[in-house]
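What follows is one structure encoded as structure tokens, with my remarks underneath.
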4 protein chains.
Amino acid sequence: MADVRVRRSREDLRTALLDLLNAKTFDDITVREIAAHANVGYTTFFRHYPSKDALLDDLAAKEIGRLTAHVLPIYDSKDPVGACLAMCAYVQAQRPLWSALLTGGVASIVREELLKRSREATSTQPESGSLPPELGSALAVAVIVELLSWWLRQPQPWPADRVAEVLYRTAIAPFLSRS
Amino acid sequence: MADVRVRRSREDLRTALLDLLNAKTFDDITVREIAAHANVGYTTFFRHYPSKDALLDDLAAKEIGRLTAHVLPIYDSKDPVGACLAMCAYVQAQRPLWSALLTGGVASIVREELLKRSREATSTQPESGSLPPELGSALAVAVIVELLSWWLRQPQPWPADRVAEVLYRTAIAPFLSRS
Amino acid sequence: MADVRVRRSREDLRTALLDLLNAKTFDDITVREIAAHANVGYTTFFRHYPSKDALLDDLAAKEIGRLTAHVLPIYDSKDPVGACLAMCAYVQAQRPLWSALLTGGVASIVREELLKRSREATSTQPESGSLPPELGSALAVAVIVELLSWWLRQPQPWPADRVAEVLYRTAIAPFLSRS
Amino acid sequence: MADVRVRRSREDLRTALLDLLNAKTFDDITVREIAAHANVGYTTFFRHYPSKDALLDDLAAKEIGRLTAHVLPIYDSKDPVGACLAMCAYVQAQRPLWSALLTGGVASIVREELLKRSREATSTQPESGSLPPELGSALAVAVIVELLSWWLRQPQPWPADRVAEVLYRTAIAPFLSRS
DNA sequence: CTCTAATCGAGACGGTACGTCGCGTCTTACG
DNA sequence: CGTAAGACGCGACGTACCGTCTCGATTAGAG
């Protein structure tokens with residue numbers, strides 16, 4: 001498990017998938033391509049991931065983990081606006097990565113992973129909003145994903161703080177406890 | 001073009017796809033299944049649609065066309081709340097159909113088609129909101145799709161008017177002209 | 001049967017097939033091509049011939065009929081050498097046609113038709129050679145076809161009389177009654 | 001290339017084709033049948049042969065190779081009559097195989113392969129006969145194939161030595177050096 | 001510092017769906 | 001109201017991936 005080679009291979013596979021996502025759609029990427037691009041034998045792929053989707057899930061989960069690790073502390077400290085700004089700044093700093101994740105036909109998986117996180121977060125809080133938490137999460141996540149992917153698609157993107165402001169106004173505020 | 005057989009075949013294919021979407025995911029449906037289920041030769045499928053996705057696009061476009069034909073007139077008559085209610089009522093009346101369209105892994109195509117409509121609609125109006133129209137459309141559509149698909153997934157769905165109220169509050173009001 | 005249009009169509013189809021045989025192999029010719037090239041509706045083809053092969057059979061039979069009509073009288077008048085010369089001369093005169101028939105991957109059908117004729121001819125004669133007539137015919141026909149197709153393939157073909165001489169020596173003489 | 005599985009698969013495919021040739025015409029045999037009959041995946045067929053014809057070519061070449069390996073030494077030792085006898089004996093010993101090869105609508109491929117061999121053989125010798133060697137080969141091969149296939153078609157076949165005698169008289173002698 | 005077991009590369013293989021092509025039948029819209 | 005146009009069913013084709021499976025050849029890390 002701690003074998004150097006194993007970690008090397010998995011890391012290489014994730015990186016390879018990301019690279020390829022910059023060039024083509026997820027569906028148009030074959031396992032063989034990923035393996036080749038990672039300088040890894042075709043068979044070896046399956047030694048680490050049971051399928052292409054599993055690799056993508058792993059990749060998305062890892063990156064979303066990093067994102068939330070950056071953002072959640074701020075959010076929890078009762079500073080949702082700051083959290084929005086932190087999120088946008090982080091995404092901007094990793095622009096190519098998040099471009100691939102949000103515009104490479106993979107947005108739905110990212111949405112799914114984000115929802116998972118969101119559900120975990122809201123489940124610890126008491127019911128607070130006017131909507132069922134499940135629905136609130138879904139809508140907020142949908143808006144976040146849509147907004148970010150729109151942002152990343154723009155040839156001349158807005159500055160992060162302006163996006164953060166819109167993000168707060170459209171994805172967070174409408175679903176906060178009051179109202 | 002006006003050939004009876006042609007119209008028959010296409011209609012049968014669309015219906016077959018819809019039927020199958022009630023049972024399984026779009027990706028798990030094969031062209032051969034659709035053709036068989038439509039009592040149509042496998043080759044004939046391609047005589048009408050270049051691919052499975054093309055059929056789905058056509059199907060989605062047609063259904064969304066019907067939906068907007070119901071809703072738009074009301075919306076244009078300066079009654080957005082009534083339009084929301086009309087939309088929800090229409091979707092409820094066609095529940096199985098829209099369930100398939102919004103929860104069968106096909107939501108992204110529906111979103112795409114809706115966006116097309118939305119863009120056409122907004123392009124005729126002067127810039128009005130605080131957001132770029134393109135972005136406003138995208139967010140509104142995302143929320144609509146998410147909300148409706150959540151609604152249709154519920155075992156004991158809310159009444160249409162309550163959904164319509166949420167719909168107006170979360171998808172329409174935030175993006176209307178006055179910020 | 002005597003309908004002018006019918007004869008026109010069939011003639012056109014045969015000619016079209018011949019034309020196409022000059023450009024490509026029989027197997028690479030489609031019924032649609034033949035019909036188009038004959039300025040005849042696709043369906044019409046089948047009104048006259050049940051299949052592509054039937055057309056070819058008809059064509060071959062007709063041409064071989066003409067050939068034997070030229071050659072047989074001479075052969076029957078106890079002048080086999082003259083018959084060979086006549087055959088070669090006739091083939092030479094119709095070079096493009098016979099090139100198509102003998103080098104277009106259709107040689108086996110021509111062989112078959114020739115055999116039919118040959119069998120009819122020998123069946124009227126008493127057993128005469130040292131070989132069973134069936135076998136004698138088969139060998140003679142094989143040599144004739146092979147020799148002629150070789151001849152027609154040559155870029156600078158031999159004069160007809162030289163071919164006729166070889167033809168007599170290799171295809172006729174060895175299977176004549178004596179020996 | 002030396003992979004055991006590869007050799008197994010190819011061998012199985014050749015055998016399967018031969019088996020099927022005993023039952024039906026080459027054109028009526030589908031690749032799927034061959035693969036199934038060889039207990040080999042359909043796709044695997046194409047991993048070894050680019051087409052049905054390629055398999056047949058390989059098969060024919062291999063069998064003709066064996067045949068000539070038996071016959072040529074004798075022929076080269078200035079004993080053409082003995083070579084004829086050897087050939088007929090060999091064919092008779094492998095009757096089912098050669099029946100399939102010469103009467104399954106495949107004769108033309110066998111002819112082609114034989115011609116290749118024949119050309120190689122004659123190209124090493126000085127021009128000797130009264131005919132161009134190319135032509136001599138073609139005629140001799142045509143007669144050989146025709147004679148053998150006639151022989152194998154017979155319900156009560158001649159003894160091999162009688163066929164050999166005819167073979168020598170009609171296919172070899174007429175084309176030997178002295179005219 | 002070795003040796004043993006985990007890891008890897010290579011690639012043959014069975015399988016499923018794909019989209020194409022040609023045949024020959026059957027229907028329909030048009031002249 | 002018949003016939004030419006062409007929609008259709010059928011079935012084989014060859015392709016592209018998938019994921020499984022053996023093989024040896026390396027190579028890490030425990031003794």
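We name chains A, B, ... by the order of the sequence lines, and we start the count at 1 in each one.
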key: Nearest-Å distance for atom pair CZ/P, residues A:Arg7 and E:dA6   = 18 Å
ask   = Which pairs count as salt bridge (Lys or Arg N to Asp or Glu O under 4.0 Å) when at least one residue sits in residues 101-117 of chain C, sequence neighbours excluded?
value = C:Glu113-C:Lys116
5′-ward residue of the pair D:Pro50/A:Lys52 relative to DNA chain F = D:Pro50
Qualifying residues under side-chain contact (heavy atoms from CB on, under 4.5 Å), relative to D:His37, sequence neighbours excluded = D:Ala16, D:Asp19, D:Leu20
request  = Could you pull out all residues at least two apart from D:Asp27 that satisfy side-chain contact (heavy atoms from CB on, under 4.5 Å)?
outcome  = D:Thr25
key: Listed partners of A:Asn39 passing side-chain contact (heavy atoms from CB on, under 4.5 Å), at least two apart   = none
task = Tell me, please, which residues at least two apart from B:Lys52 pass salt bridge (charged side-chain N to carboxylate O under 4.0 Å, His left out).
result = none
query = OP1, OP2 of E:dG14 versus side-chain N and O of D:Thr44: anything below 4.0 Å?
reply = yes
key: Side-chain heavy-atom pair A:Asp53, A:Phe26 within 4.5 angstrom cut-off   = yes
task = Quickly work out the D:Asp53 CG to F:dG14 C1' distance and round it to whole Å.
result = 13 Å
inquiry  = Is the phosphate of F:dC8 approached by B:Ser9 (side-chain N or O, under 4.0 Å from OP1 or OP2)?
reply    = yes
Listed partners of D:Thr43 passing side-chain contact (heavy atoms from CB on, under 4.5 Å), at least two apart = D:Arg47
Distance-only criterion, 3.5 Å: show the donor-acceptor pairs between side-chain atoms of residues 96-103 of chain C and protein atoms not counting sequence neighbours.
from     : atom 1 : to      : atom 2 : distance (Å)
C:Ser99  : OG     : C:Arg95 : O      : 3.2
C:Thr103 : OG1    : C:Ser99 : O      : 2.5

task = Do nucleotides 23-31 of chain F as a string where each nucleotide becomes B, S or -: B if the base has a protein heavy atom under 4.0 Å, S if just the sugar-phosphate does, - if no protein is that close.
result = ----BSS--
task = Nearest whole angstrom, please: distance from the C1' of E:dA17 to the OH of D:Tyr42.
result = 12 Å
message = So C:Phe45, base contact, sugar-phosphate only, or nothing? Heavy-atom distance under 4.0 Å.
response = nothing
note = Ordered by number, residues from residues 20-41 of chain B within less than 4.0 Å of DNA chain E (heavy atoms) are B:Thr30, B:Val31, B:Arg32
Value in whole Å for how far the P atom of E:dC8 lies from OH of A:Tyr49 = 12 Å
ask   = With B:Tyr42, which residues qualify under side chain to side chain donor-acceptor pair (under 3.5 Å), at least two apart?
value = none
query = Just checking C:Ser51: base, sugar-phosphate only, or nothing, at a heavy-atom cut-off of under 4.0 Å?
reply = sugar-phosphate
ask   = What is the distance, rounded to the nearest whole Å, between atom CZ of C:Phe46 and atom P of F:dA4?
value = 15 Å
inquiry  = So if I take the C1' atoms of five pairs at each end of the helix from E:dC1-F:dG31 to E:dG31-F:dC1 and get each local axis, what angle do the two axes make, rounded to 10 degrees?
reply    = 30°
inquiry  = Less than 4.5 Å apart, side chain to side chain, heavy atoms only: is that true for D:Arg8 and D:Glu11?
reply    = no
B:Thr43 or A:His48, whichever maps to the more 5' nucleotide of DNA chain E = A:His48
key: Heavy-atom side-chain proximity of A:Arg10 to A:Tyr49 below 4.5 angstrom   = yes
request  = Please report, rounded to the nearest Å, how far the C1' atom of E:dG14 is from the CZ atom of D:Arg8.
outcome  = 14 Å
Side chain to side chain donor-acceptor pair (under 3.5 Å) partners of A:Arg66, counting only residues at least two apart = A:Glu63
